[in-house]
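Below: one structure, written as structure tokens.
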Amino acid sequence: MNNKELADTFTLIANLLEIKGEVIYKTLAYRKAAESLTNLGRDANEYWKDGKLTDIPGVGKAISEKIDELLSSGKLEYLEKLQDEVPAELAEMLKIPDLGPKKVGLFYKEIGVKSISELKAAAEKGKLRDLAGMGPKSETKILDGIESLSRRTGRAPLGDMWPKAQELLKKIRALDGVVDAEVAGSLRRMKASVGDIDIIVAATDRDLVSKHFVEDPEVARVLGTGGIKSSVEYHSGLTAQIWVHEPARFGTALQYATGSKDHNVRTREIAQGMGLSLTDQAIIQSDGSEKLYAKEEDVYKAIGLDWVAPELREDRGEIQAAQEGNLPKLIETKNIRAELHCHSTWSDGKVSILEMAETAINHGYHTLAITDHSFSLGIGSGLSIERLQEQRIEIDEAREKLGDKLQLLHGTEMEIKADASLDFPDKILEWLDIVVASLHVSMRQERAQVTKRLLTAINNPHVDIIAHPTNRLLPDREGSDLDMEQIFSAAAEMGTALEINSNPKRLDLDDVLARRALEFEIPLVVNTDAHLPEHMDFIFYGVATARRAWAEPKSVINTWTAKQIKSWLGKRG
DNA sequence: GCCGTTTTCGGCCCGACTGTTTTCAGTCG
């Protein structure tokens, strides 16, 4: 069982306990443990083997015993017993908007409703309205919620949501009386997948802004609207909400809505310790008076913290760093000066080598590596050794045209085959300027084999970069089952760089693994894997992921000078 | 169920909105 499966198990337990009506703090403890396992960056099996499960934050005696049972036997008696009382299907009903654990529990206990389809039938027959706390409106709301669930998209990749949020933001900023507006929530924290769009608005006429927001013709359903908060669902299935505040409260409002929840719990604790109460409206002093903050920086300052970049606000140590003045000087997109993984028409890219080179120059880069696929990747029309040698001629021609405007490197994205052999012999790898290795096939092999494939590449001194190491695809395809600790050890030993692939469908390594790689002092590289000139804009998402991993420019090789990159490659053979 | 710079017991962030009530419970973020 991997971390995600453990986390899913504890999330299920939390949901079932909540429906059962267990004290809320017990369910919170299970959720906290699930969250913690997801953000761990190390395989929980490692902790288990060392007998150190309780070192994991939020894991104490009871939960560590459950992890032990799950890892030993793959089963959990506690969960099986719990399911006798509360069927696991009930947890599915929690996905219906505006329906929570109390109501699900009520419907189950009172009229035996176990599934969404049974709930729908009961609502249509008017069987819900007479239950305690229910009425005709609540019944209709549930039917609307079920319908909305079928329309909703769930969490979507950051790359899909970000442009939509920017459009919405533009619309809102253009409204009368709007002074300022910013995205908040997981979108502002640049999480790889995002549930909905949160926007904080500073406005002089707050009602007018809310009115325009909910009356937009693209709105399918108004989920709620009040003096401060309004939320809507668009015909596309996307949901968005805005909080409208007076401009003087914009700082606390933005801080609050950016989250994460756990980060906010910490900031509030600190405020409490100072006799203050931090809310989305203001900081309330011990005498009850309000202090207003228009700027987020000043909110952090007021509770003794340096301003924390949104990408770090996950309660992964950033609060302590902010207290001690130790926050990292995070990498920025403008620090990126080289692209070391892209494709041309020689394989599955859409434009010529020269066009990619010009795009790189327009991005202000000093170095570009052309890394077309190698031959065993049939779908990417990979290059044979002969074709690779022919490609060198075109590279040299391009070099002549470009002069000193760009350092153009001839490389490959070499396939690591299913049997762990590499596509090119060492002689060819040595001849190339740069070697990026990756796998695209047989990613569902068992852990030992798929790990061995990456280790073979890492341990070859001619391989410089491992691209998209886990091969996950957002939103749904999980990465290969890899022993990441072994891979990190080997990469650290060999000095092989690991990629953060900036394509928003990949973002691989993810933030958690990239941070772990930095702990091993492994060099990172943020590449776009561009197949089109426009793809080079993806760098924004890759850098965001690097920021979430606490990366500083010096740890990312494509922030280095052209000379430094050339010299690094030269030393690697 | 977890945790400790007042605590090994007693807390655990805080408020908006809605629909049901007639002062509050449930849901959400």
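Each chain gets a letter, A, B and so on, in the order its sequence line appears, and its residues count up from 1.
Side-chain N or O atoms of A/Thr11 include one that pairs as donor or acceptor with a backbone N or O of A/Ala7 at under 3.5 Å.
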Quick test: give all pairs of protein nitrogen or oxygen and nucleotides 25-29 of chain B nitrogen or oxygen below 3.5 Å, distance rounded to 0.1 Å.
from, atom 1, to, atom 2, distance (Å)
B/dT27, OP1, A/Gly100, N, 2.7
B/dT27, OP1, A/Gly100, O, 3.0
B/dT27, OP1, A/Lys103, N, 3.1
B/dT27, OP2, A/Lys102, N, 3.0
B/dT27, O5', A/Gly100, N, 3.4
B/dC28, OP1, A/Asp98, N, 2.9
B/dG29, N2, A/Tyr256, OH, 2.5
B/dG29, N3, A/Tyr256, OH, 3.4

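Of the residues in residues 20-29 of chain A, those with a non-hydrogen atom less than 4.0 angstrom from any atom of DNA chain B are A/Tyr25, A/Lys26, A/Ala29. Within residues 297-311 of chain A, no residue places a heavy atom under 4.0 Å from DNA chain B. Less than 4.0 Å separates DNA chain B from at least one heavy atom of each of the following residues of residues 114-141 of chain A: A/Gly133, A/Met134, A/Gly135, A/Pro136, A/Lys137, A/Ser138, A/Lys141.
By the 4.0 Å N-to-carboxylate-O rule, A/Lys191 lies too far from A/Glu311 to be salt-bridged with it. Using a cut-off of 4.0 Å between Lys/Arg side-chain N and Asp/Glu carboxylate O, A/Lys32 and A/Glu35 are scored as not salt-bridged. A salt bridge links A/Arg266 to A/Glu269: one of the charged nitrogens lies within less than 4.0 Å of a carboxylate oxygen. A/Lys329 has no carboxylate O lying under 4.0 Å from a charged side-chain N of A/Glu552, or vice versa, which leaves the two without a salt bridge.
Under the Watson-Crick and G-U wobble criteria, each requiring two contacts below 3.5 Å, nucleotide B/dG26 is paired to B/dC17.
Residue contacts shown for A/Gln272 are limited to sugar-phosphate atoms, with no base heavy atom under 4.0 Å away. As judged by a 4.0 angstrom heavy-atom cut-off over every strand, A/Gly227 is placed among residues touching the sugar-phosphate backbone only. Within the nucleic acid shown, A/Thr225 comes within 4.0 Å of sugar-phosphate atoms alone, with no base atom in reach, counting heavy atoms only.
Counting to the nearest Å, the P atom of B/dC3 and the CD1 atom of A/Ile56 are 11 Å from each other. The distance between atom CG of A/Asp262 and atom C1' of B/dC14, rounded to the nearest whole Å, is 15 Å. Between the CD atom of A/Glu35 and the C1' atom of B/dC2 there is a distance of 16 Å, rounded to whole Å. For the pair A/Glu65 CD and B/dG1 P, the interatomic distance rounds to 10 Å; values are reported in whole Å. In this entry the distance linking OH of A/Tyr30 with P of B/dC2 reads 7 Å, nearest Å.
Applying the salt bridge (Lys or Arg N to Asp or Glu O under 4.0 Å) test to pairs two or more places apart or on separate chains, none has a residue in residues 256-265 of chain A. For the salt bridge (Lys or Arg N to Asp or Glu O under 4.0 Å) condition, no pair includes a residue of residues 97-118 of chain A, sequence neighbours left out.
The side chain to side chain donor-acceptor pair (under 3.5 Å) search around A/Asp205 returns none, not counting sequence neighbours. Remark: A/Asn503 pairs with no residue by the side chain to side chain donor-acceptor pair (under 3.5 Å) rule, at least two apart or across chains. A/Leu28 is linked by a side-chain contact (heavy atoms from CB on, under 4.5 Å) to A/Ile24, A/Tyr25, counting only residues two or more places apart in sequence or in another chain. Residues satisfying the side chain to side chain donor-acceptor pair (under 3.5 Å) test with A/Arg221, not counting sequence neighbours, are none. Applying the side-chain contact (heavy atoms from CB on, under 4.5 Å) rule to A/Glu218 yields the partners A/Lys171, A/Asp216, A/Tyr234; only residues at least two apart in sequence or on another chain are considered. Every residue two or more places apart in sequence or in another chain that forms a salt bridge (charged side-chain N to carboxylate O under 4.0 Å, His left out) with A/Glu332 is listed here: A/Lys334.
A distance of about 24 Å separates the P atoms of B/dT6 and B/dC2, rounded to the whole Å. A gap of 23 Å separates the C1' atoms of B/dT21 and B/dC14, to the nearest Å.
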